[in-house]
**Student:** 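One structure follows; several queries about it will come next.
Fair warning: this is a prediction, and the values are worked out from it, not measured in the lab. Hydrogens, waters and symmetry mates are skipped; everything else that's a heavy atom, side chains included, is used.
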Amino acid sequence: MFSHIRGDFFGGITAGIVALPLALAFGVSSGLGPSAGLYGAIFIGFFAALFGGTNTQISGPTAPMTAVSMVIIASMIALHEGDVNKALPAILTVFLLAGLMQIALGAIGIGAYIKYIPYPVVSGFMTAIGVIILVTQILPAIGYYPKEDAEYVEQYKPLAEEIILENILKEEAGEGILVLEDFEETISRAEQTTEADIQKEARTLAAKEASGVLGTLSVLPRALQNINWLELILALATIVIIYGFKRITTAVPSTLVALLVVSGVAYGFGLDYRPIERIPEGLPMPQMEIFTQFKLSSVTPYIFTALTLALLGAIDSLLTSVVADNMTKTKHQPNKELVGQGIGNSIAAVFGGIPGAGATIRTVVNIKSGGKTRLSGMIAGLLLLVILLAMGPVASQIPAAVLAGILVTVGIGVMDYKGLKAIPNLPKDIKLGPLKLSSEVIIMLVVLVLSSVWNLVYAVGVGLIIASLMFMKKMGDLTAERSGVKPLPEKAWADEKEFPEKLKEEVFIKHIKGPLFFGSTSDFQDLAAQIPETADAVIIRMGRMQYMDQSGLYAMEDTIIDLRRKNIIVLLVDVLPQPRYMMERIDIIPDLIPEEHIFKNFKDCVNWVKLNVKDKTTAIA
């Protein structure tokens, strides 16, 4: 580990500097504050490097992980009356669960299969992440915060009162108090509700209603009438410096330059800007409430969400690992990497950090700066810890608009432009009425739209289901096309050219090439209908059918039964082990097809046919 210490030191320091502004920005964006982003970068960066399977990977909060975390955090805060502190143990428990799931995924060897996630699903999801970040940062970039707009909050007061009353009734039900028998208790508790309580609930509702892409767009007209021009100028200055400084040099991270310059000017000139939330001083402390206040009922609805977070982190990390492999000419260990990411995310959750994954830009910077071993990632994490301890109060003076500007550039950069540019050129392989569309474009757009306006977690699930169904259809079509599951009569194989011409009206030969599975069974089932009742036998050649699934098995059984009803003998040639095993399990062999009708090769079958099948034309003559 210490054989390349000089390169690892500079690589880790550079990657840590690049990670700083992004960690702060992702923390603010998540809803848990800048400290949560820093804690995530510190612990994930250090422990994922220590235990992971990619030597040069730098890990920490990333745009995709933050976008999903944002959904979890917002929904849980809403369930806890808008109180972040009350919701925090449940939020961190979900993050911890996601980390433990990643460890499990690595332990059972799932890492090798992550690469099979369809590209259109990943592309649509990444573009949606960009859209979400870009749109949701419009409001902070122009200095508009819905929950601080008194007139906007006012309209949610009636609903706030309803929710407060509903909570009172739930409390009474939990205590065994029957409302209809004790109105006075309900009235007494309702009277204890203050205007401040209603205002707080209304602010929570206002913030929730204006969250996400649709929420932001719904409140945008009002926001544009209440622009804070100073905040907008700070955000625009940040964006301009980030893109402009890259044209001068890439030796110094432009994001860090923008953070320091704009924050320095705003603070130095005493401008009346909105700073980020205060970053706690001192060492991060474990959030023991995760364990002391654990309630299975509060986490159970989020198990699927935690699994999605774990899988997303796995995909994000392993894609970055591939980039690192290409740059360093090495090969990562995918399952070990998942274990390392899981350990990092689990420890980060215990200390109040948001989840993360392998970060491509930070990893590339590390490699280009000389990083060669996992020590570089550990150094990056330690550097962020030193910055936290030494400069926490200073970092708390960073303008919120500056981090919004940074996130706008992240949103623009994370979109999959390669996938979007390919849309016009992708093959149109799906017919919907008069329209011909590309299945890959459909998947990409479905995931993009659903992720942006509905739910990131469900959108990925829907995308995977559609992609799987379309893949199965394509494979079924291709298999049917190549497998010989085609109308009779078929083109003769080389060893069939000597088959007696006089028996071709009595004996039909059927070829099966490739697997007989659910995608190719419908054509096979038509076999019985294609053979006239005057036929005596059907030879089914199975030497090229390596596999049969349950659908294929029952299709075979139905077809044989139909042929037997017509008194047509079925002869099997060269039955391979797996199909034979399946057919024996439900007694197709020997009940429907006796052993004497199964042949090792076509020559033996022809000899049997010559002895047992008579030429009807000769017999009639």
**Student:** Can R580 and I598 be said to form a side chain to side chain contact (heavy atoms under 4.5 Å, CB included), step by step?
**Tutor:** CA-CA 10 Å; R580 181 173 185 120; I598 302 174; 3.8 Å; yes
**Student:** Taking all atoms of both residues into account, what is the closest heavy-atom pair of M415 and G130, and its distance?
**Tutor:** CE-C, 3.7 Å
**Student:** Which atom pair, heavy atoms only, marks the closest approach of F508 to A535?
**Tutor:**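 Scanning both residues, the minimum pair turns out to be CE1-CB, 3.7 Å.
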**Student:** Atom CZ of F602 and atom CG of L571: how far apart are they, to the nearest 0.5 Å?
**Tutor:**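 Going from CZ on F602 over to CG on L571, the span is 10.0 Å.
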**Student:** Looking at every non-hydrogen atom in both residues, tell me the closest pair between M542 and P579 and how far apart they are.
**Tutor:** CE-CB, 4.2 Å
**Student:** Counting distance only, does the side-chain N/O of S451 pair as donor-acceptor with the main-chain N or O of L448 below 3.5 Å?
**Tutor:** no
**Student:** Take a 6.0 Å sphere around OH of Y417 and say whether it holds more than 12 heavy atoms from other residues, nucleotides or ligands.
**Tutor:** yes
**Student:** Of all residues at least two apart in sequence or in a different chain, which pass the side chain to side chain contact (heavy atoms under 4.5 Å, CB included) check with Q57?
**Tutor:** T54, S59, S317, T320, S321, E337, Q341, T363
**Student:** Is the backbone of L407 close enough, under 3.5 Å, to the side chain of Q137 for a donor and an acceptor to pair up by distance?
**Tutor:**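 The answer is no, because no donor-acceptor pair under 3.5 Å joins these two groups.
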**Student:** Can you tell me which residue pairs pass the salt bridge (charged side-chain N to carboxylate O under 4.0 Å, His left out) test with a partner in residues 205-223, sequence neighbours excluded?
**Tutor:**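 For residues 205-223: D149-R222, E151-R222.
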**Student:** Decide whether D316 and T62 meet the rule of one side-chain donor and one side-chain acceptor closer than 3.5 Å.
**Tutor:**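 Short answer, yes.
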**Student:** Could you state the interatomic distance from CE (M444) to OG (S439), rounded to the nearest 0.5 Å?
**Tutor:**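 That separation rounds to 10.0 Å.
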**Student:** I'd like to check the side chain to side chain contact (heavy atoms under 4.5 Å, CB included) partners of L319; sequence neighbours left out, ordered by chain and number.
**Tutor:**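 Testing L319 for side chain to side chain contact (heavy atoms under 4.5 Å, CB included), a comparison that skips the adjacent residues, returns V122, I315.
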**Student:** Run the side chain to side chain contact (heavy atoms under 4.5 Å, CB included) test on L307 and I303 for me, step by step, so that the C-alpha distance in whole Å, both residues' side-chain angles and the decisive distance to 0.1 Å come before the verdict.
**Tutor:** CA-CA 6 Å; L307 178 60; I303 288 178; 5.7 Å; no
**Student:** Run the side chain to side chain contact (heavy atoms under 4.5 Å, CB included) test against M70 and tell me which residues pass, sequence neighbours left out.
**Tutor:** S29
**Student:** Walk me through whether I242 and I406 qualify under side chain to side chain contact (heavy atoms under 4.5 Å, CB included).
**Tutor:** CA-CA 8 Å; I242 288 173; I406 290 172; 4.0 Å; yes
**Student:** Apply side chain to side chain contact (heavy atoms under 4.5 Å, CB included) to Y243 and list each qualifying residue two or more places apart in sequence or on a separate chain.
**Tutor:**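 Checked Y243 against side chain to side chain contact (heavy atoms under 4.5 Å, CB included); matches are I239, T409, I412.
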**Student:** Please check if the number of heavy atoms outside I361 that lie under 6.0 Å from its CD1 is greater than 12.
**Tutor:**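 Not buried by this count: 12 neighbours or fewer within 6.0 Å.
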**Student:** Could you tell me which non-hydrogen atom of G356 sits nearest to which non-hydrogen atom of N345, and how far apart they are?
**Tutor:** N-OD1, 2.8 Å
**Student:** After noting the C-alpha distance and the side-chain angles of L592 and D587, does the key distance pass the side chain to side chain contact (heavy atoms under 4.5 Å, CB included) rule?
**Tutor:** CA-CA 7 Å; L592 295 180; D587 296 324; over 6 Å; no
**Student:** Could you check R565, R564, K566 and say which one makes a side chain to side chain donor-acceptor pair (under 3.5 Å) with D562?
**Tutor:**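 It is R565; the other options fail the test.
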**Student:** Once rounded to the nearest 0.5 Å, what's the spacing between atom CE of M583 and atom CD1 of I560?
**Tutor:** 4.5 Å
**Student:** If you count every heavy atom of other residues, nucleotides or ligands that lies below 6.0 Å from Q550 atom CD, does the total exceed 12?
**Tutor:**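 No - once you tally the heavy atoms of other residues, nucleotides and ligands closer than 6.0 Å, there are 12 at most.
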**Student:** Rounded to the nearest 0.5 Å, how far apart are CE of M548 and CG of L553?
**Tutor:**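 Rounded to the nearest 0.5 Å, the CE-CG separation comes to 6.0 Å.
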**Student:** Tell me the closest heavy-atom pair linking P64 and L312, and the distance in Å.
**Tutor:**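 Smallest heavy-atom distance, with atoms named: O-CD2, 3.5 Å.
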**Student:** I need the full list of salt bridge (charged side-chain N to carboxylate O under 4.0 Å, His left out) pairs touching residues 537-548, with sequence neighbours left out, sorted by first then second residue.
**Tutor:** D495-R541, E496-R541
**Student:** Would you confirm whether D416, through its side chain, and M126, through its main-chain N or O, come within 3.5 Å as a donor-acceptor pair?
**Tutor:** no
**Student:** Kindly say whether G215 contributes a backbone atom to a donor-acceptor pair with the side chain of S218 at under 3.5 angstrom?
**Tutor:**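 Checked: pair present.
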**Student:** Which atom names give the shortest non-hydrogen contact between G99 and S346, and what distance separates them?
**Tutor:**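 Looking at all heavy atoms of both residues, the shortest contact is C-OG, 3.3 Å.
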**Student:** Enter the distance from I354:CD1 to I91:CD1 here, rounded to the nearest 0.5 Å.
**Tutor:** 11.5 Å
**Student:** Say you draw a straight line from CD1 of I343 to CZ of F47; how long is it, rounded to the nearest 0.5 Å?
**Tutor:**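 Nearest 0.5 Å value for the CD1-CZ distance: 9.0 Å.
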